[in-house]
Protein chains: 2
Amino acid sequence: MARAATTTDAFNAVAEPRRREILDALAGGERSVTDLVEHLGVAQPVVSKHLRVLREVGLVGVRDEGRARIYRLEAGPLRAVYDWVKGYERLWSERFDLLDTVLEDLRAERGPGQQPESPESSQEDDHDQP
Amino acid sequence: MARAATTTDAFNAVAEPRRREILDALAGGERSVTDLVEHLGVAQPVVSKHLRVLREVGLVGVRDEGRARIYRLEAGPLRAVYDWVKGYERLWSERFDLLDTVLEDLRAERGPGQQPESPESSQEDDHDQP
DNA sequence: TTGACGTATGCCGATATAGGCATACGATGG
DNA sequence: CCATCGTATGCCTATATCGGCATACGTCAA
């Protein structure tokens, strides 16, 4: 067996940095291939090939305008990536690990039978690294 | 040039579904290799190899316990993925907002007891598979 | 020690990739 | 019709991959 095709899903398509750059560029608005070629500073066939991959996973859409092809971002498939990685958000902050420990300690101190006050509601703190 | 190594970064490491499964499993707590083998239902060498990749990008850590090796999640590197994809979140939300607007308009147009005018909404969708 | 256990590694084969280069192709303007 | 522009595609090479299988390695129990 070989590695999964880049066109398998957004995860694989987006693993390539150049393709991320393309998406980043398109996030600023529609662009023609030539536009992207200039923006990325790589050969045109390279860009066209990456665009093909992105199109196949539904991350970009195309529109014909005269002899040019205008590409646009279609972020939908990224949602799978987002949804997956989002679940790990709370895990990468050491500070948060510390907080976890503290909370656990508190819970323990309070003793069994006591409920911690609705910890479910405080979900959206932004845990940044110092 | 070939495709970037899976050990290049979290993006590449995580493109493999099996490795995501491993991380998901480890999110529930430390696990030995045998544990993971059972959990995933694949051959042991396969698991060991995936774990190697994950270790090389810093997504897991190991600890020796007797003859077993206990792996733990180390989510840090996922932050790069999260930070990148997070920027796109609002784009599919916007889409929904748009949809909401359209639906609202339709509802308003229809009014109490009115029919919606045949919506010619469907835009592009050029999902092609050559 | 011997042997069983838990893991890691080596080798193989089939498959794809990314980019370089040349070229094919459709649209447009003389 | 012909030349040119804007893009896509084909061919090529070097390189990795993932999984299967066998096996090496370290640890623990008799």
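First the proteins, then the strands, lettered A, B, ... as listed; each starts at 1. The analysis underlying the following values was restricted to heavy atoms, covering all of them including side chains, and did not include hydrogens, waters or symmetry mates. Keep in mind that what you see is a predicted model, and the values were worked out from it rather than measured.
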Just grab all the side chain to side chain donor-acceptor pair (under 3.5 Å) pairs involving residues 36-46 of chain A, residues at least two apart or on different chains. A:Gln44-A:Ser48
List the atom pairs, donor and acceptor, that lie under 3.5 Å between side-chain atoms in residues 61-72 of chain B and the rest of the protein, sequence neighbours left out.
| from | atom 1 | to | atom 2 | distance (Å) |
| --- | --- | --- | --- | --- |
| B:Arg63 | NE | B:Glu30 | OE2 | 3.3 |
| B:Arg63 | NH1 | B:Glu65 | OE1 | 2.8 |
| B:Arg63 | NH2 | B:Glu30 | OE1 | 2.4 |
| B:Arg63 | NH2 | B:Glu30 | OE2 | 3.4 |
| B:Asp64 | OD1 | B:Arg69 | NE | 3.2 |
| B:Asp64 | OD1 | B:Arg69 | NH2 | 3.3 |
| B:Tyr71 | OH | B:Arg55 | NH1 | 3.1 |
| B:Arg72 | NE | B:Glu74 | OE1 | 3.3 |
| B:Arg72 | NH1 | B:Val62 | O | 3.4 |

All N/O donor-acceptor pairs, side-chain side in residues 9-17 of chain B, below 3.5 Å, sequence neighbours left out:
| from | atom 1 | to | atom 2 | distance (Å) |
| --- | --- | --- | --- | --- |
| B:Asp9 | OD1 | B:Phe11 | N | 3.2 |
| B:Asp9 | OD1 | B:Asn12 | N | 2.9 |
| B:Asp9 | OD1 | B:Asn12 | ND2 | 2.9 |
| B:Asn12 | OD1 | A:Arg3 | NH2 | 3.2 |
| B:Asn12 | ND2 | A:Ala15 | O | 3.4 |
| B:Glu16 | OE2 | B:Arg18 | N | 3.4 |

Note: for B:Ala4 and B:Gln44 on DNA chain C, the residue whose nearest nucleotide lies more 5' is B:Gln44
Closest non-hydrogen atom pair, B:Leu78 against A:Val85: O-CG2, 3.8 Å
Once side chain to side chain contact (heavy atoms under 4.5 Å, CB included) is applied, do any residues pair with A:Ala27, and if so which ones, sequence neighbours excluded? A:Leu73, B:Tyr88
For B:Ala5, what residues pass the side chain to side chain contact (heavy atoms under 4.5 Å, CB included) criterion, not counting sequence neighbours? B:Thr7, B:Thr8
C:dA8 OP1/OP2 closer than 4.0 Å to side-chain N/O of B:Tyr71: yes
Nearest whole Å is fine: how far is C:dC5 C1' from B:Ile70 CD1? 14 Å
Of all the nucleotides listed (C:dA14, D:dA14, C:dA22), which has the minimum atom distance to the side chain of A:Ala2? C:dA14
Contacting residues from residues 11-38 of chain B, given that a heavy atom lies under 4.0 angstrom of DNA chain C: B:Ser32, B:Val33, B:Thr34
If the condition is side-chain hydrogen bond (donor to acceptor under 3.5 Å, both in side chains), which residues does B:Arg19 pass it with, not counting sequence neighbours? B:His50
Please list, chain by chain and in numerical order, all residues satisfying salt bridge (Lys or Arg N to Asp or Glu O under 4.0 Å) with B:Glu56, sequence neighbours excluded. B:Arg52
Sorted by number, the residues of residues 48-69 of chain B with heavy-atom contact under 4.0 Å to DNA chain D: B:Lys49, B:His50, B:Gly66, B:Arg67
